[in-house]
There are 2 protein chains.
Amino acid sequence: MMLIGEVSKQSGCHIETIRYYERIALLAPTARTEAGYRLYREQHIQQLRFIHRARELGFSLDDIRELMSLKSQPQLPCQSVEAITEKHLQGIQQRIEHLNSMAQELRHVAASCSGGDIAECRILGALANPANAHDGNVP
Amino acid sequence: MMLIGEVSKQSGCHIETIRYYERIALLAPTARTEAGYRLYREQHIQQLRFIHRARELGFSLDDIRELMSLKSQPQLPCQSVEAITEKHLQGIQQRIEHLNSMAQELRHVAASCSGGDIAECRILGALANPANAHDGNVP
DNA sequence: CCTAAGGTCTGTAGTTGCTACAGAGTCAAG
DNA sequence: CTTGACTCTGTAGCAACTACAGACCTTAGG
């Protein structure tokens, strides 16, 4: 049986984060000492490592909630796990594409700026006009 | 002079968002009708389009605040604008890299799963172990 | 003149996943 | 018995909105 500080070290989750997970019921409430200190066992460390790792991979806490629930039903087919993972991966892909298109536009905009004063700054100029605009004068 | 609904249509910003920008002082308070309705002019549409475009490119509202402040000082050199843009671009790059590494790990993990029951699910298995783990049995 | 529909107002709470206190209690060592 | 380290609860903050509730205003139609 360990206190939360030890669990924090072993799981990689901050103390406040562990308490937060308990508060949102991602973790069940633990046993307590007479003084009210939370008591943990090895099993909790495993759970927290699982959560920590899943967070590193970008899963939302809702995803993780589902994954943990599935994990506790070993006889089910693992399709649902794959589905969650696949969907998450697609979300990441979309975010990457979104960021890539932003980066491309930004580079384009930034490249058009050749120093000088703000009055002539092409970056600010580009921001003043609607999206399209691979340059070009507006009539 | 226009009311906020018209401004919303012309700028692409939601009504609530426009009010929000005013509340956080990204926009100066506008004139009002006797009944208290906000009144806008062409100039405000320009400002909101600027903000909207900058948001599309991922700039934070703090960045935008600075950009707008710079914009109003046309005699300054545009270095600061370039600096903000450059820094923002780097932030985007980092996020892309982070997402890419997550995606790669996720694909690796997902590929190792060959169906079956949750008890044997490799995805959940991989989440149970710390980061490294290009597979491999843990002794 | 009255009503109904649509626009607008303020203020507040919710979203996500934490993080950072304040203020109080607990515990072990010296 | 005091000091320091640890823990507790509860609350507020972050970013950038979004979504109400409940009230007020305006205008067109009957």
Side-chain angles (χ1 to χ4, degrees), chain A residues 1-27 29-40 44 47-48 50-68 87-88 91-92 94-95 98-99 102, chain B residues 1-27 29-40 44 47-48 50-68 87-88 91-92 94-95 98-99 102:
Chain A
M1 301 289 258
M2 296 160 280
L3 297 181
I4 199 168
E6 182 63 22
V7 174
S8 169
K9 275 173 207 151
Q10 291 201 33
S11 67
C13 301
H14 291 163
I15 291 177
E16 296 91 338
T17 306
I18 299 172
R19 290 198 281 241
Y20 168 69
Y21 289 159
E22 184 184 312
R23 200 163 67 242
I24 63 170
L26 187 61
L27 296 177
T30 64
R32 299 280 184 133
T33 67
E34 286 186 8
Y37 288 17
R38 289 172 181 81
L39 283 173
Y40 299 88
H44 297 108
Q47 284 190 349
L48 280 163
F50 181 92
I51 296 172
H52 190 237
R53 181 80 185 106
R55 289 293 300 141
E56 280 180 353
L57 292 175
F59 285 102
S60 71
L61 294 182
D62 273 354
D63 283 346
I64 294 174
R65 212 184 290 272
E66 269 209 72
L67 290 173
M68 289 174 76
K87 199 164 175 188
H88 174 46
I92 290 182
Q94 280 187 9
R95 283 155 69 192
H98 186 205
L99 288 171
M102 289 195 323
Chain B
M1 301 289 258
M2 295 161 281
L3 297 181
I4 199 168
E6 181 65 21
V7 174
S8 170
K9 275 173 207 150
Q10 290 201 32
S11 68
C13 301
H14 291 163
I15 290 177
E16 296 91 338
T17 306
I18 298 172
R19 290 199 280 241
Y20 169 69
Y21 289 159
E22 183 184 312
R23 199 162 68 243
I24 64 170
L26 187 61
L27 297 176
T30 64
R32 300 280 184 132
T33 67
E34 285 186 7
Y37 287 17
R38 288 172 181 81
L39 283 173
Y40 298 88
H44 297 109
Q47 283 190 349
L48 280 164
F50 182 92
I51 296 172
H52 190 237
R53 182 81 185 105
R55 288 294 299 141
E56 281 180 354
L57 291 175
F59 285 102
S60 72
L61 293 182
D62 273 354
D63 284 347
I64 294 173
R65 214 185 288 273
E66 270 211 71
L67 289 173
M68 289 174 75
K87 199 165 177 187
H88 175 46
I92 289 181
Q94 281 188 10
R95 284 155 70 193
H98 186 208
L99 287 170
M102 291 196 323

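FYI, side chains are in, hydrogens and waters are out, and symmetry mates aren't considered; it's all heavy atoms of this structure. Naming convention: chains lettered A, B, ... in sequence-line order (proteins, then strands); numbering from 1 in each chain.
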Exercise. Between A:Glu56 and A:Arg53, is a salt bridge (Lys or Arg N to Asp or Glu O under 4.0 Å) present by the stated rule, with each step listed?
Worked result: CA-CA 5 Å; A:Glu56 280 180 353; A:Arg53 181 80 185 106; 3.0 Å; yes
Exercise. Taking only N and O in the side chain of B:Tyr21, is any of them less than 4.0 Å away from OP1 or OP2 of D:dC17?
Worked result: yes
Problem set entry | Short side-chain N/O contact from A:His14 to OP1 or OP2 of C:dT19, under 4.0 Å | yes
For this session: Using a 4.5 Å cut-off on heavy atoms from C-beta on, say whether the side chain of A:Ile24 contacts that of A:Arg65.
Result: yes
Exercise. Whole-Å distance between D:dA16 P and B:Ile18 CD1?
Worked result: 17 Å
Problem set entry | Polar side-chain atom of B:His88 near backbone of B:Leu57 as donor-acceptor pair, under 3.5 Å | yes
Exercise. Do the charged groups of A:Arg32 and A:Glu22 touch, with an N to O distance under 4.0 Å?
Worked result: yes
Problem set entry | Euclidean distance, A:Ile18 CD1 relative to A:Cys13 SG, rounded to 0.5 Å | 5.5 Å
Exercise. Would one find more than 12 heavy atoms of other residues, nucleotides or ligands at under 6.0 Å from atom CD of B:Gln94?
Worked result: no
Exercise. In the 5'-to-3' direction, what one-character label does each nucleotide of nucleotides 6-16 of chain C receive under the scheme B = base within less than 4.0 Å of a protein heavy atom, S = sugar-phosphate only, - = no such atom?
Worked result: -BSBB------
Problem set entry | B:Thr33 vs B:Ile51, nearer the 5' end of DNA chain D by closest nucleotide | B:Ile51
Exercise. Does some side-chain heavy atom of B:Ile4 sit less than 4.5 Å from a side-chain heavy atom of B:Thr30?
Worked result: no
Problem set entry | Interatomic distance, B:Glu34 CD vs D:dC24 C1' [rounded to whole Å] | 15 Å
Exercise. For the helix from C:dC1-D:dG30 to C:dG30-D:dC1, what is the angle between the axes at its two ends, each from 5 pairs, rounded to 10°?
Worked result: 30°
Problem set entry | Phosphate OP1/OP2 of C:dT19: any A:Thr17 side-chain N/O under 4.0 Å | yes
Exercise. Just how far, in rounded Å, is P of D:dG13 from CD1 of B:Ile24?
Worked result: 16 Å
For this session: Nearest whole angstrom, please: distance from the P of C:dA22 to the CD of A:Glu16.
Result: 13 Å
Exercise. For the side-chain contact (heavy atoms from CB on, under 4.5 Å) test, which of A:Asp63, A:Asp62, A:Leu61 pairs with A:Phe59?
Worked result: A:Asp63
For this session: Evaluate the side-chain proximity of A:Leu48 to A:Gln10: yes if any heavy-atom separation is below 4.5 Å, no if none is.
Result: no
